[in-house]
Student: 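Here it is: the structure, laid out below.
Indexing begins at 1, ligand by ligand and atom by atom, following the structure's order. The first residue of the sequence shown is numbered 1, and numbering continues consecutively from there.
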Amino acid sequence: MTSGYDWAGRVGDVWADEWRRTDLSFGDLSAHLNAAIHAAAPRAGLAVDIGCGAGGTSIALAAARPDLSVIGIDLSASLVATARERGAACANLSFRHGDATELGDLAPDLFFSRHGVMFFDDPVAAFARLRAAARPGARLVFSCFDDIDRNPWATEAAAAITNSPPARPGTSPGPFAFADPDHVRAILTVSGWHGDPQAISYTQRAGEGPHAVDEALVFFSRIGPAAARLRELDDAAREEGRQRLRVVLADRLRNDAVDFPAAAWIWSCQAA
Ligand SMILES: C[S@@+](CC[C@H](N)C(=O)[O-])C[C@H]1O[C@@H](n2cnc3c(N)ncnc32)[C@H](O)[C@@H]1O
């Protein structure tokens, strides 16, 4: 299970509301991640999306591998409902509400995740449960953010709110918990997985179109480190913070898109 992030409640509900902007923001990363997932995926068998959110990564794999059974699992009932709606046309795809590390009698050939594995309270126990459920030789492919300092979409936006840089995140559950590959390798090794990370520099798109800055402002006011800071402020300070955030976003506007540099890891692993 997870702590701190109320995925089963408010946070999951906001992500379900914001799935279009979230998918847009991860579009460039997804091109890299989907290529890695599809390269690891068998033609047939079972693949499980850990923390599938609104289902975009599951849908992409199910469409690319019609003979593979794909199951997306998420703690948020709202996100699972959204994913089911989006994936309804895919006969080889289903979604479940619950903890993706509690798999019952499922025996996957592949686990995959876009940024869904950094929130486990006890990552060693969680990855060990996945390993115990997996078929021999199973694969595991996931993305996670690199260091916060290589992610200006997070640092610049959060700094704008209070005119101070965000605290450096540690390894407790959260978006940057898996930023240090040595830390992740240690978790994976002791829980029965081996593999390597690939460093990915990509573009995180905060908004696009004729109202790209407004789009980005809504998105960053609801999801991510700037949103977390805004929630802590009173009404007047929140409005001032939003105005400063707007300036930062406008500064990144080029050709009807608000883009930030971003960095992630894609881990490709196998059951040991
Ligand atoms: C950062 S979001 C990413 C969502 C989705 N993969 C995407 O890329 O849009 C993390 C997701 O992991 C889910 N999650 C976290 N821990 C989980 C667990 N133990 N089992 C199932 N889902 C989990 C959350 O509910 C949330 O939807």
Student: Would you mind finding which of D23, D6, D99, V80 brings a heavy atom closest to atom 19 (N) of ligand 1?
Tutor: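 Shortest heavy-atom distance from atom 19 (N) of ligand 1: D99.
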Student: Give the contacting part of L79 toward ligand 1: side chain, backbone, both or neither, where contact means a heavy-atom distance below 4.0 Å.
Tutor: side chain
Student: Hydrogens and angles aside, do R139 and S268 bring a side-chain donor and acceptor to less than 3.5 Å of each other?
Tutor: no
Student: Could you tell me which atoms of ligand 1, counted from 1 in the order shown, lie closer than 4.0 angstrom to a heavy atom of W15?
Tutor: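 Within the 4.0 Å cut-off of W15, ligand 1 contributes 1 (C), 2 (S), 3 (C), 9 (O).
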Student: Any idea which of L33, L75, D74 brings a heavy atom closest to atom 25 (O) of ligand 1?
Tutor: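 Nearest heavy atom to atom 25 (O) of ligand 1 lies in D74.
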Student: Only pairs at least two apart or in different chains count here, so list each ring pair (Phe, Tyr, Trp, His ring centres under 6.0 Å) that has a residue in residues 186-216.
Tutor: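 Ring pair (Phe, Tyr, Trp, His ring centres under 6.0 Å) check on residues 186-216 returns no pairs.
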Student: Can you name the residues that form a ring-ring contact (aromatic ring centres under 6.0 Å, His included) with W265, not counting sequence neighbours?
Tutor: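 For W265, no residue satisfies ring-ring contact (aromatic ring centres under 6.0 Å, His included) once neighbours in sequence are set aside.
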Student: Count the heavy atoms belonging to other residues, nucleotides or ligands that lie under 6.0 Å from CD of E85, then report whether that count exceeds 12.
Tutor: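 No.
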Student: Could you work out, for atom 5 (C) of ligand 1, the closest of G116, G56, G51 by heavy-atom distance?
Tutor: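 Going through G116, G56, G51 one by one, G51 has the nearest heavy atom to atom 5 (C) of ligand 1.
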Student: Counting from 1, what ligand 1 atoms have a heavy atom of A100 closer than 4.0 Å?
Tutor: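 Within the 4.0 Å cut-off of A100, ligand 1 contributes 18 (C), 20 (N), 21 (C).
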Student: Determine, using heavy atoms of G98 and all atoms of ligand 1, whether some pair is separated by less than 4.0 Å.
Tutor: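 Yes, G98 has a heavy atom closer than 4.0 Å to ligand 1.
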Student: Heavy atom under 4.0 Å from ligand 1: found in F120's side chain, backbone, both, or neither?
Tutor: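 Side chain only.
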Student: Please test R246 against D251 for salt bridge (Lys or Arg N to Asp or Glu O under 4.0 Å), starting from the C-alpha separation and ending with a verdict.
Tutor: CA-CA 9 Å; R246 190 171 216 296; D251 201 43; over 6 Å; no
Student: Would S69 and N92 count as having a side-chain donor-acceptor pair, cut-off 3.5 Å?
Tutor: no
Student: For D74, is there any backbone N or O sitting under 3.5 Å from a side-chain donor or acceptor partner on R96?
Tutor: no
Student: Looking at ligand 1, would C52 count as a contact under a 4.0 Å heavy-atom criterion?
Tutor: yes
